[in-house]
Amino acid sequence: MKNPMRRLSTFAIITGTVLLASCSRAEVNMNDFVEFDLDGYDAFGTCSAKLNYRALLRSVDGKIKDEQVTAARKILKNVKLTPEQIEKCRNGEKVEFEWDITDEEVGKLEEDCRLFVTFSDIEYEVSDLKALKEVDVFDDVVIEIYGYDSCGTVYSYSRSYDLSGLEYVASGDGHLKNGETVTITAQLNSVYAQAYKSPEEYLASLGLKPITLTKTLKVEGLSELAEYDPFSSINLEYDGLNGEGRAYIYTDWTDDYYTYWNYEIENWSGLANGDVITVKVTDYQGNDISEYAANNLGLKVTGTTKQFTVSGLMSFGGIDPGTISPDDFFCYLNDDGIYVDQYGNKIDLGGMQIVVRDWWSSGRLDEWSRNEYDEAQYAYWDEMQELYNFTIEKTAISDWGSVLEDFVNYACAPDDGKNYVFTLRSDPLLPAAMINGLMYDLSTLYPLDFSEYKFQANQMHEKYSYGDHIFCMYAGSPEPRTGIYFNKEILEKAGIDYNDIYDLQINDMWTWDAFTDLCDTVLKKTKVNALSCNEGEATLAAVFSNGGSLIDKDYYGEFYYNVDSQQTMDALEWAQKLYAKYNRHPDAPRDAAWNYYQTEFLNGKSAFLIEQEYAGTRYNYLSDAGFDFGFVMFPKGPQGSLVNIWDDMIVSIPANYSKKKAGQIAFAWNLFTEPVPGWEDFDQVLADAWWYGYFDDRAKEETIPMMMSLGYGTVSYHDVIPDLNAYEDLLWQINEDTDIRKLEQNIKSSWQNALYWVN
């Protein structure tokens, strides 16, 4: 224990002249050898005390032996007074110090050194600290109030560097009104707040004392807000049948601020004449626009909702039959839920035999049943075929390689009496068939409503459209596409928890930087390659993940060249760096096949694989992987978001059919692809991923549903432009030696020429 006080009375008094004469000894009061040090300013000064042991030992020189002096020095130089320093002292203040010395140390001084010390607590009166100089911290500060009445802002800055530790904060900043007062407060900025507890302490360190830390000003001179109606140029258009109508927003473009806002229609479908519906205006993040409009545009918003009354929807009960051409096929649902024609008669297709052509189906719709859903599906199909007097089946007629050529040959010939819906795939002949009028314009057929969810869920009709004309369609959930597989065993060896990757994805933090950080860790801590990929698909995913595209479509439905956009160019350059650093193949043979990247990942020679979702499903190559793997979406770039490029097999109706026949076929196919009653929330694509996918549960629960969700999907347009070869011209050309700027300039002219003929 430390002995805070030791007095002479604690010593044993030894008497006897013989003992005193035979032993040299010295007595000293340590309090006489204490030195005090003062620094700083009055009220913010510091006071410290220490023992001058050298002076103490000099005072007993000759009274004890030299070797005893040496031993005493070793003990005394470690003796301290506590506290070592007292802060925030002021003149006239009495401060106290206690000795920090142990009984053991005192005993050694007495017994070994023959030095008898006394000491006691010390009280010291502070004096001679310098006085603080008063200063007006607002002397050299410029304060301006600007903006609009009710949302004014204070701008303040100091023209002097002498008080750089202060910043000036206004009360009510951002919401100031003319006539009110605002208080400006000087406070520590974030940097100096780490070193000082208060602005007073900071100023005292400079020898200053503030006269005041606040200043009050009257707000004046703010401009008045102009009243603004965000609905001034907005109106609604309605189409469809009374009771099944739809509403659309249109603008006359007289509002200069229209593009700042997002307009949402509540209950935009299933409308009847006389219905009152509400339109709400927000910003594009769903926030109220009032504050932004005031602060940035000087506008006072008069309202953020407006009601509209539905009118002008068509009614076909008792309509003049001459309104609709007999050569057209028209249908609508009556009050009993039955499709009828313009005369109110139930639709009867007269026993039409309709075939959905593809390259894999056997023809029978009920060849086998896996579960209750299948049984309900077949029962629904049987009911629809019997109710409207038609049959429909899926049959493999073409093969994968010839399907487009077969379609072109069929559509160029006269109608042969068959009733076909063609299943098609991406192919250079497809856009040519669209441009040259070989496909029926599906937007003109009454049975097809492309605002229905089954079409909106995948947006293939938008991909395969020119202007207002739609030539191909797909019904149902989209196919998940390009993402990133990862080998869990390799990540574990690298010290990476694969769950962290899923957490980044679900929290919208799965970014390019996060991905490359993981690649760096793999390279540093393992002996395998970081990445394997098909560079063309990976580059395309990078472009869209950064908010870019190769070809895009404007408001009017016209295509435009977008490779030279900042988002796209940044993505191409990032992909180039990605391949150069991580997509290395040291073990690849010289004659490696194009798909060596798949073998590399399967053999455990790479941690990550950029590949499409199908690879992890049954009958595909990752089903034979001898390790556990996960699957996430492609990470997002700094200007983009997590996104999946949807692309599915689509269907089309040949244009050599009459409008009535095309309408009848579309009617049957539309019923064929409707959700099964009672199973509307069931998703076959997602179910297949669960039943037949080799992914882990988090991929099935999080990644696959995200890739199929409207908020994470988009379509590309570069593959629907004739004579535009995106992969050969651009995507397959990106490597570490590519001059991307030069490559872009080389393709720009020919691509724009291809767009000219389409638009």
Side-chain angles (χ1 to χ4, degrees), residues 356-361 370 373 377 394 396 400 403-404 421-427 430 450 452-465 472-485 505 533-534 536-538 540-541 543-545 549 598 609-623 629-634 642-652 669 672-675 681-695 699-720 726-727:
V356 180
R357 294 178 54 149
D358 58 34
W359 52 90
W360 69 88
S361 297
R370 295 176 295 189
Y373 172 76
Q377 175 76 85
K394 299 176 70 176
W400 186 89
V403 60
L404 262 297
V421 177
F422 277 79
T423 303
L424 306 174
R425 60 172 179 81
S426 294
D427 185 277
L430 182 57
F450 289 101
E452 289 185 15
Y453 178 77
K454 69 178 181 181
F455 295 112
Q456 291 294 322
N458 59 78
Q459 299 181 13
M460 287 300 104
H461 64 286
E462 173 64 23
K463 177 181 177 73
Y464 295 100
S465 65
C472 298
M473 58 187 171
Y474 177 76
S477 297
E479 178 184 347
R481 304 294 285 187
T482 302
I484 297 184
Y485 289 90
Q505 175 179 254
C533 67
N534 179 323
E537 293 299 329
L540 186 64
V543 167
F544 278 83
S545 73
S549 62
Q598 300 174 356
L609 170 70
I610 301 176
E611 181 60 283
Q612 294 191 13
E613 178 265 357
Y614 80 88
T617 60
R618 62 176 177 170
Y619 308 136
N620 290 296
Y621 71 92
L622 287 182
S623 62
F629 56 82
F631 183 62
V632 289
M633 295 185 69
F634 196 90
L642 296 176
V643 67
N644 191 30
I645 310 170
W646 290 337
D647 195 11
D648 284 277
M649 291 175 291
I650 31 63
V651 300
S652 183
W669 181 88
F672 180 62
T673 57
E674 284 290 273
D681 295 332
F682 179 80
D683 193 307
Q684 186 68 65
V685 176
L686 188 57
D688 284 345
W690 267 100
W691 296 337
Y692 308 115
Y694 290 84
F695 321 98
K700 295 174 181 178
E701 293 170 356
E702 298 170 19
T703 306
I704 305 301
M706 287 173 68
M707 295 179 105
M708 296 167 57
S709 172
L710 274 173
Y712 295 94
T714 190
V715 295
S716 61
Y717 298 113
H718 57 268
D719 46 356
V720 295
Y727 284 89

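All residue numbers in this chain count up from 1 along the given sequence.
Ring planes of His461 and Phe450: parallel class, angle under 30° (limits at 30 and 60°).
Side-chain contact check for Glu611 and Thr482: no donor-acceptor pair (N or O, by modelled atom type) lies under 3.5 Å. Side-chain N/O atoms of Tyr717 and Glu462 include a donor and acceptor closer than 3.5 Å. With 3.5 Å as the limit, one finds a donor-acceptor pair spanning the side chains of Asn620 and Thr617. With no hydrogens or angles considered, no side-chain donor-acceptor pair links Gln612 and Tyr485 at under 3.5 Å.
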Open item on the list: Checking Ile650 against Leu430 for the side-chain contact (heavy atoms from CB on, under 4.5 Å) test, could you report, in this order, the C-alpha distance in whole Å, the side-chain angles of both residues, the deciding distance, and whether it holds?
Closed with: CA-CA 11 Å; Ile650 31 63; Leu430 182 57; 4.1 Å; yes
- [ ] Go through Glu613 and Arg481 one step at a time and tell me if the salt bridge (Lys or Arg N to Asp or Glu O under 4.0 Å) criterion holds.
- [x] CA-CA 5 Å; Glu613 178 265 357; Arg481 304 294 285 187; over 6 Å; no
Open item on the list: Tyr727 vs Glu537, test: side-chain contact (heavy atoms from CB on, under 4.5 Å). Steps then yes/no.
Closed with: CA-CA 9 Å; Tyr727 284 89; Glu537 293 299 329; 2.8 Å; yes
Open item on the list: Determine whether Ile645 and Leu540 satisfy the following criterion, side-chain contact (heavy atoms from CB on, under 4.5 Å), listing intermediate values before the conclusion.
Closed with: CA-CA 9 Å; Ile645 310 170; Leu540 186 64; 3.9 Å; yes
Open item on the list: Evaluate Phe631 against Leu622 for side-chain contact (heavy atoms from CB on, under 4.5 Å), listing each step before the verdict.
Closed with: CA-CA 12 Å; Phe631 183 62; Leu622 287 182; over 6 Å; no
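Of all the heavy atoms in Met633 and Gln505, the pair that sits closest is N-OE1, 2.7 Å. Across all their heavy atoms, Glu479 and Asn644 have their closest contact at O-ND2, 3.9 Å. Heavy atoms only, all atoms of each residue included: Ala457 and Gly476 are closest at CB-O, 3.9 Å. Closest heavy-atom contact between His718 and Ala726: CD2-CB, 3.6 Å. Summarising the geometry of Gln459 relative to Leu710, their closest heavy-atom pair is NE2-CD2, 3.7 Å, with the distance given to 0.1 Å. Nearest heavy atom pair, residue Ile704 against residue Pro480, reads CG2-CG, 3.9 Å.
Taking 4.5 Å as the limit, every side-chain heavy atom of Met649 sits out of range of all side-chain heavy atoms of Asp358. Side-chain contact between Phe695 and Glu701 is absent, with no heavy-atom pair separated by less than 4.5 Å. Side-chain contact check for Val720 versus Tyr464: some heavy-atom pair is nearer than 4.5 Å. By the 4.5 Å heavy-atom criterion applied to side chains, Val651 and Cys472 are not counted as neighbours. No side-chain heavy atom of Arg357 sits less than 4.5 Å from a side-chain heavy atom of Val403. Contact annotation: the side chain of Leu404 approaches that of Arg425 to within less than 4.5 Å [non-hydrogen atoms, C-beta and beyond]. A heavy-atom distance below 4.5 Å is found between the side chains of Met473 and Trp669. Under the 4.5 Å side-chain criterion, counting only non-hydrogen atoms from C-beta, Val643 is not in contact with Tyr712.
For the atom pair CG of Asp648 and OG1 of Thr423, the computed distance is 11.5 Å after rounding to the nearest 0.5 Å. One finds the OH atom of Tyr621 at 14.5 Å from the OH atom of Tyr694 (value rounded to the nearest 0.5 Å).
Looking at Ser477, Pro478, Ser716 one by one, the single match for side chain to side chain contact (heavy atoms under 4.5 Å, CB included) with Trp646 turns out to be Pro478.
A side-chain donor-acceptor contact under 3.5 Å links Asn458 to the backbone of Tyr474. The backbone N or O of Ala541 sits less than 3.5 Å from a side-chain atom of Ser545, completing a donor-acceptor pair.
By the 6.0 Å contact criterion, CH2 on Trp400 is open, its count of non-hydrogen atoms from other residues, nucleotides or ligands being 12 or less.
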